[in-house]
Amino acid sequence: MKPSIPKGTRDFGPADMLKRNYIFDTIRSIFRTYGFDQIETPAMENLSMLEGKYGEEGDKLLFRILNSGPVLEKIREGKNDLKQGDVTEKGLRYDLTVPFARYVVMHQNEIAFPFRRYQIQPVWRADRPQKGRYREFFQCDADIVGSDSLFNEADLVSIIRDVFLRLRLGVSIHINNRKILAGISEVIGERERIVDITVALDKMDKIGIEKVNEELAVKGVSENAIIRLQPIIRMHGSNADKLEQLKEVLKNSTPGMKGVEEMETLFGILDQIHPEANEHSYPANIELDITLARGLNYYTGAIIEVKVADQRSQFTSSICGGGRYDDLTGIFGLPGVSGVGISFGADRISDILDEINGFPDFTTESTRVLFANFGNEEAVFALKMVNRLRDEGISAELFPDAAKMKKQFGYADGRKIPYMVMIGSEEMKTGQFTLKNMESGEQSHVAWDELLHVLK
RNA sequence: GUGAUUGUAGCUCAGUUGGUUAGAGCGCCAGAUUGUGGAUCUGGAGGUCGUGGGUUCGAGCCCCAUCUUUCACCCCA
């Protein structure tokens, strides 16, 4: 039997775990300082909680779990009267936001709103794996539900800055607003085509303005509308400049003007909190980007996306995204609760830090001292010493077999254990243990007190 | 879902137009050194060439299918 794991999944060895925990710990500690509480939800949800929440494409990418019971046999027997519910009624979670919405509705009576929660768990998508794309990956989400205030958006942007400053990774934080996109569609006379328009706009920095116009035409957007769109998408200048221009362009669109007003408020706050972070400032500029669309269709207000902007990295896809969703809990029966949140893609961040050698040195030793094993009697004595050291908070281990010294020293070498202690019959008699510094090769005879002193 | 790409020892990879018994480096094991590692030297083990079919006198190499790897599109963290 040749061992294997499913496509798009990975094992994480001890070295990988150090990297992953470094990212998780950084993000988690920042979430905490912003007052977020942690929750977890099950890996699987009832399919009815997931289907229809991520658009047509998302439904295709859901991992569905085969029902237990006699379903498989029925399928093998070729019974054709099976309904979907007979075959599958559960699925692996696709993101953390929808399960969170479900959680909020189910636990609404226990929650003090506004509720700030964070969640770090894996999600699964039946996508074709490729660069920066896995079938199992971790998201680190922070959401605030039960408050319309734009101070929440400002907090989330601050979190993003803190995280990437701490990780020493240059990024660009793009912010837009769904209402502005709606307004643009409206004023160019293509209100119904907002989805096609935003999907095309989103590709601007990837395929360029010509190809975007082509795609718009293919999708059936009128030539006139495309012409009227040009000055809008070519808009440039400072964030304040863009907002002024948008005010003029969108003056006949009620939602559009609402979006501009929201962005004015948000950027007003951000300008005061992060006066140095505007326009093109390294390492984390904040930019109003009207070509930013984001795929998830539940966003209604601000949308946020973070891209790497670091000379050391070639990575282009987004590493963090989020936005405001006015009525996510509505579909689960709790209308009128607004939420806003962000999600960090831990695996992509890890890939990038790998690429740029951005991880710190993880020199943390796992075992401080290894006791050699010279046979049963000596080993039992050594194990007593090992346990006394453990009681002192020093990580110690006994080599389990009375193998050759060459083998035991080789093991200490491979594990990068800094000290070895040898207790043979002579040492047992005298109470003077042989202590060896594995790096310098120095060897000395020490009693218990001295041993403890050196190792501490 | 569409289009490419990859698979040979534990790992990284050679392997000529199809031609005897498929190689190297690293790692592993043993010995030189029976209580001393990271260096060196000597020797050794380890392969149904992803899997299943096919073409051929003969296939690691050619053909088909399938799985897997990586990448682009779609979409996304």
Side-chain angles (χ1 to χ4, degrees), chain A residues 1-10 13 23 27 54-62 93-97 120-141 160 171 195 198-200 202-203 206-207 211 215 293-297 304-308 315-323 341-352 370-375 378 382 399 402-428 433-443 445:
Chain A
M1 169 74 73
K2 197 177 179 180
S4 65
I5 56 174
K7 185 195 288 212
T9 65
R10 295 151 302 155
I23 291 172
I27 292 173
Y54 308 104
E56 217 176 298
E57 202 69 28
D59 275 359
K60 284 187 210 159
L61 299 181
L62 283 176
R93 76 165 96 77
Y94 178 91
D95 73 355
L96 301 179
T97 308
I120 298 176
Q121 286 191 277
V123 304
W124 294 270
R125 295 183 189 177
D127 219 344
R128 282 252 193 125
Q130 55 177 279
K131 192 179 180 64
R133 176 174 304 189
Y134 305 98
R135 285 186 151 182
E136 177 185 62
F137 59 98
F138 274 80
Q139 293 193 327
C140 312
D141 276 39
I160 293 170
V171 295
V195 173
T198 54
V199 166
D202 201 39
K203 297 176 185 167
K206 197 170 186 181
I207 63 177
K211 296 268 183 190
E215 180 165 330
R294 301 228 77 229
L296 293 170
N297 48 17
I304 303 169
E305 182 161 289
V306 181
K307 289 173 178 163
V308 185
F315 218 86
T316 51
S317 45
S318 88
I319 51 175
C320 176
I342 50 168
S343 177
F344 291 86
D347 303 81
R348 286 185 176 175
I349 293 171
S350 183
D351 286 348
I352 293 160
L370 175 73
F371 279 62
N373 184 328
F374 288 104
E378 294 90 336
F399 196 86
K404 290 181 179 175
M405 279 306 107
K406 185 183 170 74
K407 171 96 181 163
Q408 302 196 32
F409 273 77
Y411 171 76
D413 242 354
R415 291 278 315 279
K416 296 195 165 65
I417 297 172
Y419 291 98
M420 266 191 82
V421 170
M422 276 153 289
I423 303 178
S425 50
E426 195 60 28
E427 286 92 341
M428 277 175 75
F433 310 144
T434 305
L435 172 69
K436 176 155 181 166
N437 178 324
M438 292 298 284
E439 206 192 330
S440 67
E442 267 172 54
Q443 203 161 300
H445 297 281

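By convention in this document, chain letters (A, B, ...) are assigned in the order of the sequence lines, proteins followed by strands, and residues within each chain are numbered from 1.
- Here the side chain of A/Arg135 pairs no donor or acceptor atom with the backbone of A/Pro129 at under 3.5 angstrom.
- Between B/A59 and B/G50, the distance separating the two P atoms is 15 Å to the nearest Å.
- You'll find the side chain of A/Leu370 reaches within 4.5 Å of the side chain of A/Phe399, heavy atoms only.
- A donor-acceptor distance shorter than 3.5 angstrom exists from the side chain of A/Gln408 to the backbone of A/Asn373, with no hydrogens or angles considered.
- Nucleotide B/A30: paired with B/U42 (Watson-Crick or G-U wobble, both distances less than 3.5 Å).
- Comparing B/G3 with B/A77, their C1' atoms are spaced 24 Å from each other, to the whole Å.
- Both distances falling under 3.5 Å, in either a Watson-Crick or a G-U wobble arrangement, place B/A24 opposite B/U12.
- In this structure, A/Tyr411 places its OH atom 17 Å from P of B/G38, rounding to the nearest Å.
- Pairing of B/C49, defined by two Watson-Crick or G-U wobble distances under 3.5 Å, is not identified with any nucleotide.
- For the pair A/Lys416 NZ and B/G38 P, the computed distance is 14 Å after rounding to whole Å.
- Taking atom P on both nucleotides, B/G37 is separated from B/A72 by 49 Å, rounded to a whole Å.
- Among the atoms of the strands shown, base atoms are found under 4.0 Å from some heavy atom of A/Tyr134.
- The residue A/Ser343 sits apart from the nucleic acid: no heavy atom pair falls under 4.0 Å.
- Spacing between B/G60 and B/G15 at atom C1', rounded to whole Å, works out to 8 Å.
- Among the heavy atoms of the strands lying under 4.0 Å from A/Cys320 are primed sugar atoms or P, OP1, OP2 only; no base atom is included.
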Within the 4.0 Å limit for protein heavy atoms, which parts of nucleotides 26-36 of chain B are touched? Write it as a string from 5' to 3', B for base, S for sugar-phosphate only, - for none.
---S-S---BB
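- At the heavy-atom level, A/Gly55 lies nowhere under 4.0 Å from the strands shown.
- Summarising the geometry, the separation between CD on A/Glu305 and P on B/C76 is reported as 10 Å, rounded to the nearest angstrom.
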Expected string for nucleotides 67-74 of chain B under the B/S/- scheme (protein heavy atoms, under 4.0 Å, primed atoms plus P, OP1, OP2 as sugar-phosphate) is -SS-SBBB
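- B/C63 and B/C74 are spaced 31 Å apart, taking the P atom of each and rounding to whole Å.
- Taking the P atom of each, B/A65 and B/C57 are spaced 24 Å apart, rounded to whole Å.
- Separating the C1' atom of B/C76 from that of B/G18 is a span of 46 Å, rounded to the nearest Å.
- Figure legend: cation-pi geometry between A/Arg10 and A/Tyr134, with NZ or CZ positioned under 6.0 Å from the six-membered ring centre and within 45° of its axis.
- Between atom NZ of residue A/Lys206 and atom NZ of residue A/Lys211 there is a gap of 13.5 Å, rounded to the nearest 0.5 Å.
- Here the shortest heavy-atom pairing between A/Gln139 and A/Asp141 reads CB-OD1, 3.6 Å.
- Comparing A/Ser440 and A/Asp347 against RNA chain B, the residue whose closest nucleotide sits nearer the 5' end is A/Ser440.
- Judged by distance alone, the side chain of A/Asp202 and the main-chain N or O of A/Ala293 form a donor-acceptor pair under 3.5 Å.
- Going from atom CE of A/Met420 over to atom P of B/G37 covers 11 Å, rounded to whole Å.
- Look at CG on A/Asp59: it is 15 Å from C1' on B/G1, rounded to the nearest Å.
- Classification of the A/Tyr54-A/Tyr94 ring pair by plane angle, with boundaries at 30° and 60°, yields tilted.
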Evaluate the criterion side chain to side chain contact (heavy atoms under 4.5 Å, CB included) for residue pair A/Asn437 and A/Tyr419; output intermediate values, then yes/no.
CA-CA 5 Å; A/Asn437 178 324; A/Tyr419 291 98; 4.1 Å; yes
Let's go through A/Met438 and A/Ile417 carefully: what are the C-alpha distance in whole Å and the side-chain angles of both, what is the deciding distance for side chain to side chain contact (heavy atoms under 4.5 Å, CB included) to 0.1 Å, and is it a yes or a no?
CA-CA 7 Å; A/Met438 292 298 284; A/Ile417 297 172; 5.8 Å; no
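- Residue A/Cys140 forms a side chain to side chain contact (heavy atoms under 4.5 Å, CB included) with just one option from A/Ile342, A/Ile349, A/Ile120, and that option is A/Ile120.
- Nucleotides B/G43 and B/C26 place their P atoms 14 Å apart, quoted to the nearest Å.
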